[in-house]
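Here the structure is laid out as structure tokens; the discussion comes afterwards.
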Amino acid sequence: MARQERAVRTRRAILEAAAAVFDERGYDAATIADILSRAGVTKGALYFHFSSKQELAQGVLDEQFGEAGVPARASKLQELVDVAMVLAYRMKREPMLSAGARLSLGPGMREIFGGGSVPGWIEFTRRLLVEAKEQGELLPHVDPGETAWILSACWAGAQIYSQTLSDREDIEDRVAGVYQHIYPSIATPAVLARIDMAADRGERVTAEMAAGAAAGAEPAMS
């Protein structure tokens, strides 16, 4: 068990180091030597977990979905906003998430990673929108598949523009603006009135999750 725990910690340390290097230098400029130096592990340890730089980058991309979970909400449109705003809040603080965006959206990345995490985000968004439609949150004309593509594209564009123009300093305001502009055209008025799309939503949901995790980790009182 101790050996397994060490292996898990080592793999995570390698992924975090790789994410930081990919985020800073891009995929093409990043080297295994850079990642080894950042992770503080041996070449043997790295190749035990990952056979190549491409496999390392794919591991970073795969981590995006594990990092993006939020508490389930009765309103699936609120849950979708929560995911978007938590990602925006954490992206400027955690290289694992910002590196995933760079690997997915950078020039030439489609040929290497087949769109990276983009197809997965479109499908994730579509599923939540399908649930929202089934429980009467969407206006009758809304097509979940088409709307998922548009929302995902707008989110990606907002974070790219924010990175380009302000080094992501305003990313939460910009992502909130995407939903504040699009939701009135897809949500029923009653549902729209109850959805929290404030720019600080991601920070508050992140704090909620941290509090829940801390409570779950506390030992039971006798």
Side-chain angles (χ1 to χ4, degrees), residues 8-9 11-13 15-20 22-24 59-105 116-118 120-129 131-132 137 148 151-183 187 191-192 194-219:
V8 168
R9 287 197 298 269
R11 184 180 188 278
R12 181 69 186 186
L15 277 176
E16 289 180 348
F22 290 139
D23 194 37
E24 292 168 8
V60 171
L61 287 167
D62 293 342
E63 284 293 311
Q64 280 203 335
F65 295 98
E67 299 282 331
V70 300
R73 308 296 187 191
S75 166
K76 294 303 153 183
L77 289 182
Q78 181 67 72
E79 190 171 329
L80 189 55
V81 169
D82 288 355
V83 170
M85 296 309 302
V86 165
L87 283 172
Y89 173 75
R90 295 176 60 188
M91 183 170 280
K92 64 184 183 182
R93 296 167 172 83
E94 299 178 26
M96 188 70 73
L97 294 173
S98 53
R102 183 165 185 172
L103 290 169
S104 296
L105 302 169
S117 59
V118 172
W121 283 120
I122 294 173
E123 176 58 18
F124 174 84
T125 303
R126 188 195 69 82
R127 288 199 305 267
L128 278 180
L129 288 170
E131 291 184 60
E137 296 186 62
L151 270 173
S152 299
C154 289
W155 194 101
Q159 75 88 15
I160 290 172
Y161 275 30
S162 176
Q163 181 183 24
T164 301
L165 298 174
S166 72
D167 197 25
R168 294 201 180 102
E169 283 302 312
D170 64 351
I171 187 171
E172 292 162 89
D173 294 301
R174 298 307 182 184
V175 171
V178 165
Y179 287 83
Q180 290 162 8
H181 278 74
I182 293 177
Y183 266 26
V191 170
L192 183 64
R194 298 195 300 268
I195 297 176
D196 183 347
M197 294 181 279
D200 68 343
R201 178 69 180 175
E203 181 177 7
R204 287 185 281 116
V205 174
T206 299
E208 174 192 347
M209 292 190 293
E218 291 175 0

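None of these values were measured; they are calculated from a predicted model.
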Q: Using the side-chain contact (heavy atoms from CB on, under 4.5 Å) rule, take Val83 and Trp121 through it: C-alpha gap first, then chi angles, then the decisive distance, then the call.
A: CA-CA 11 Å; Val83 170; Trp121 283 120; 4.2 Å; yes

* What's the verdict on side-chain contact (heavy atoms from CB on, under 4.5 Å) for Leu192 and Met197, showing C-alpha distance, side-chain angles and the deciding distance? -> CA-CA 10 Å; Leu192 183 64; Met197 294 181 279; 3.9 Å; yes

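- Residue Val60 comes nearest to Ala18 through the heavy atom pair CG2-CB, 4.3 Å, listed as atom of the first residue, atom of the second, then distance.
- Nearest heavy atom pair, residue Pro71 against residue Val205, reads CD-CG1, 4.2 Å.
- Put simply, CD on Glu94 and CG on Asp23 are 11.5 Å apart, with the number rounded to the nearest 0.5 Å.
- Across all their heavy atoms, Leu77 and Glu137 have their closest contact at N-OE1, 3.3 Å.
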* Before giving the answer on side-chain contact (heavy atoms from CB on, under 4.5 Å), spell out for Tyr179 and Ile195 the whole-Å C-alpha distance, their side-chain angles and the decisive distance to 0.1 Å. => CA-CA 10 Å; Tyr179 287 83; Ile195 297 176; over 6 Å; no

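- Trp155 contributes atom CH2, which lies 12.0 Å from atom CG of Leu80 (distance to the nearest 0.5 angstrom).
- For Arg12 and Glu16, the salt-bridge test passes: some basic side-chain N is under 4.0 Å from an acidic carboxylate O.
- Within 6.0 Å of atom CZ in Arg174, 12 or fewer heavy atoms from other residues, nucleotides or ligands are found, so the atom counts as exposed in its surroundings.
- Rounding to the nearest 0.5 Å places CZ of Arg201 at 5.5 Å from CZ of Arg204.
- Here the CD-CZ distance, from Glu131 to Arg126, works out to 10.0 Å after rounding to the nearest 0.5 Å.
- When every heavy atom of Thr125 is checked against every heavy atom of Ser152, the shortest pair comes out as OG1-OG, 3.6 Å.
- Note that CD1 of Ile160 is 11.5 Å distant from CG of Leu165, once rounded to the nearest 0.5 Å.
- Across all their heavy atoms, Ile171 and Met91 have their closest contact at CD1-SD, 4.0 Å.
- The minimum heavy-atom distance between Met85 and Glu172, with the atom names listed, is CE-O, 3.4 Å.
- The closest side-chain heavy-atom distance from Arg73 to Val81 is not below 4.5 Å.
- A salt bridge links Arg127 with Glu123: at least one charged nitrogen is closer than 4.0 Å to a carboxylate oxygen.
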Self-check item: Audit row: Leu87, Gln159, side-chain contact (heavy atoms from CB on, under 4.5 Å) steps and yes/no
Solution: CA-CA 10 Å; Leu87 283 172; Gln159 75 88 15; over 6 Å; no

